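Before any comments, here is the structure.
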Amino acid sequence: MDVHGCVVFSAAVLVRLMLLCFGVYQDHNLQVKYTDVDYHVFTDASRFITQGESPYNRSTFRYTPLLALILTPNILVSSYFGKLLFVGCDVLCGLLIFRLSCVRGVSRSSSWVYCGLWLFNPLPIGVSTRGNAESLLAVLVLSALLCLECKRLPSAALLFGLSVHMKIYPVTYALPIALSLRKPTSRERGLARNVLACFNGDLLVFAAVSGSVFFALNVTFYNIWSDCLALLCFLPQLLLLLVSSLMFHSDLPFCCFIHTAVFVSFNKVCTSQYFLWYLCLLPLVLPRLTVSVRRGFGLLLLWFVGQALWLAPAYYLEFEGWNTFALVWIAGLMFLLINSLILAQIVSHYRPVDVQQKKTN
């Protein structure tokens, strides 16, 4: 890493450590706490594990038991271990974004800029320092994509299987990954042979490794705690995911960005931390967007306005106890329309990556 990179990452770490310290002060001295309630849920679940019990004895714990296991040092070492882990993963995401940008043919100077868009974005900074685990998943997704770009299939498959176990949404990447691993075929070979060409050695290795990791983890934790993590079927997203897979699988990071944005926007449950799922992929998309600066800022402003309209009635419902269910529903529909408009603009103004331009540094 050059001097510029050391300065960027040192500043990013310093900002996060300062917020962690401020969070400790706010938690002890102010009525509104800095630490997210989910962090206390994680910690309580870890405490049950150290006592030899199920993490699901903690009400509202709806995550994989692996997360509670990872955070057992919250009980055994320090209650701040999890926050430091999430902050470390948050910074590591920046490094992975830089590396992925370089592999995709972006210059090093531009790659640092796109890396900085993540490292100094207040949303991921706030989410990780408040104790949300989204940065851990972002590291798994970005690492899997980097391994795929560098043709390290077993490592990519292992990371992909682990990411799907942690959160279900990366499973939507399976189809574009499969399509990207197929061998080029001639149109004259016919439909049957083209379909058969998808089942090559690379795809079989990837499917075997990722599938084994995913099912092994789920079966293991099911047998330990006799509880099944339900895999919900999101039918409204299915058609969009299928179409985007067929259209954009040759540019895997962009396809994964579209998949995640569709999954989050059309999901029946949504929180602000879900936005990190696709924001960590956005720096890989920006270099090939042909949107003007004026239009880009306009879309960004529209997104913030939509989010404000969505959060305002939710605040009065959750913290003030007002009956704002109708307003929450209307605001949710408006935010869905805004997200759909922005997504359409991104797709229509995206210049696909030229495979020949990709390089490995």
Side-chain angles (χ1 to χ4, degrees), residues 4-27 29-30 32-39 80 82-98 100-101 110-139 141-142 257 260-261 264-265 270-287 289 291 293 296-312 314-315 318-319 331 335 338-339 342-343 346:
H4 180 71
C6 291
V7 172
V8 169
F9 279 97
S10 297
V13 171
L14 180 60
V15 169
R16 286 160 172 80
L17 290 179
M18 291 174 60
L19 271 177
L20 283 177
C21 294
F22 174 77
V24 174
Y25 170 81
Q26 181 172 336
D27 286 342
N29 296 279
L30 301 181
V32 178
K33 308 304 180 183
Y34 185 81
T35 300
D36 193 277
V37 66
D38 280 349
Y39 191 72
Y80 302 113
K83 287 189 176 182
L84 292 173
L85 173 64
F86 300 152
V87 164
C89 290
D90 189 15
V91 175
L92 179 56
C93 284
L95 181 61
L96 291 169
I97 289 171
F98 171 77
L100 266 166
S101 298
S110 297
S111 296
W112 282 123
V113 173
Y114 296 116
C115 169
L117 291 177
W118 171 268
L119 290 177
F120 299 103
N121 186 329
L123 181 57
I125 292 175
V127 168
S128 62
T129 55
R130 293 185 66 219
N132 286 112
E134 306 306 327
S135 60
L136 181 60
L137 182 62
V139 164
V141 170
L142 291 170
F257 169 80
T260 312
V264 172
S265 299
C270 185
T271 66
S272 295
Q273 64 206 47
Y274 289 4
F275 303 151
L276 295 188
W277 297 355
Y278 58 79
L279 285 179
C280 69
L281 299 171
L282 182 60
L284 306 177
V285 175
L286 288 177
L289 278 183
V291 178
V293 175
F297 276 109
L299 293 175
L300 181 62
L301 178 61
L302 183 62
W303 186 73
F304 278 118
V305 169
Q307 188 172 171
L309 293 174
W310 173 61
L311 290 175
Y315 168 83
E318 182 174 358
F319 293 99
F335 197 35
I338 290 174
N339 279 283
I342 295 174
L343 191 58
I346 291 176

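Predicted model only: the values in this text are computed from it and were never measured.
The OG atom of Ser128 sits 10.5 Å away from the CG atom of Leu85 when rounded to the nearest 0.5 Å. One finds the OG1 atom of Thr271 at 7.5 Å from the CG atom of Asn132 (value rounded to the nearest 0.5 Å). Atom CG in Leu95 sits 10.0 Å away from atom CG in Leu100 (nearest 0.5 Å). Within the model, atoms OH of Tyr80 and CG of Leu84 stand 10.0 Å from one another, a figure rounded to the nearest 0.5 Å. The distance from atom CG of Leu286 to atom OG of Ser110, rounded to the nearest 0.5 Å, is 11.5 Å. The distance from the CG atom of Leu137 to the SG atom of Cys280 is 8.0 Å, given to the nearest 0.5 Å.
Contact annotation: the side chain of Phe22 never approaches that of Thr129 to less than 4.5 Å [non-hydrogen atoms, C-beta and beyond]. No side-chain heavy atom of Ser265 sits under 4.5 Å from any side-chain heavy atom of Leu343.
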Run Trp112 and Cys115 through side chain to side chain contact (heavy atoms under 4.5 Å, CB included) and show every step you take.
CA-CA 5 Å; Trp112 282 123; Cys115 169; 4.3 Å; yes

For Phe304 and Leu300, run side chain to side chain contact (heavy atoms under 4.5 Å, CB included): C-alpha distance rounded to whole Å, both residues' side-chain angles, the deciding distance at 0.1 Å, then the answer.
CA-CA 6 Å; Phe304 278 118; Leu300 181 62; 3.5 Å; yes

The test is side chain to side chain contact (heavy atoms under 4.5 Å, CB included); show your working for Leu284 and Tyr114 and say whether it passes.
CA-CA 8 Å; Leu284 306 177; Tyr114 296 116; over 6 Å; no

Checking Ile346 against Phe257 for the side chain to side chain contact (heavy atoms under 4.5 Å, CB included) test, could you report, in this order, the C-alpha distance in whole Å, the side-chain angles of both residues, the deciding distance, and whether it holds?
CA-CA 10 Å; Ile346 291 176; Phe257 169 80; 4.0 Å; yes

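Atom CZ of Phe120 sits in a crowded spot, with more than 12 heavy atoms from other residues, nucleotides or ligands closer than 6.0 Å.
Ring planes of Trp310 and Phe275: tilted class, angle from 30 to 60°. Ring geometry for Phe86 against Tyr39 counts as perpendicular: the plane angle is over 60°, on a 0 to 90° scale with 30° as the lower cut.
Using a distance-only test at 3.5 Å, with no hydrogens or angles considered, no donor-acceptor pair links the side chain of Lys83 to the main chain of Gly131. Checking side-chain atoms of Asp27 against main-chain N and O of Thr35 turns up a donor-acceptor pair under 3.5 Å. Glu134 places no side-chain N or O within donor-acceptor distance of the main-chain N or O of Trp277, the cut-off being under 3.5 Å.
Contact between Gly94 and Trp118 at its shortest, heavy atoms only, is N-CD1, 3.8 Å. Heavy-atom minimum distance, Cys93 versus Ser135: SG-O, 3.8 Å. Closest non-hydrogen pair, Pro124 versus Asp90, comes out as O-OD2, 3.3 Å. The minimum heavy-atom distance between Ser10 and Cys6, with the atom names listed, is OG-O, 2.6 Å.
Under the side chain to side chain contact (heavy atoms under 4.5 Å, CB included) test applied with Leu281, the options Leu276, Leu142, Ile97 reduce to a single match, Leu142.
Among residues two or more places apart in sequence or in another chain, the salt bridge (charged side-chain N to carboxylate O under 4.0 Å, His left out) test is passed with Asp38 by none.
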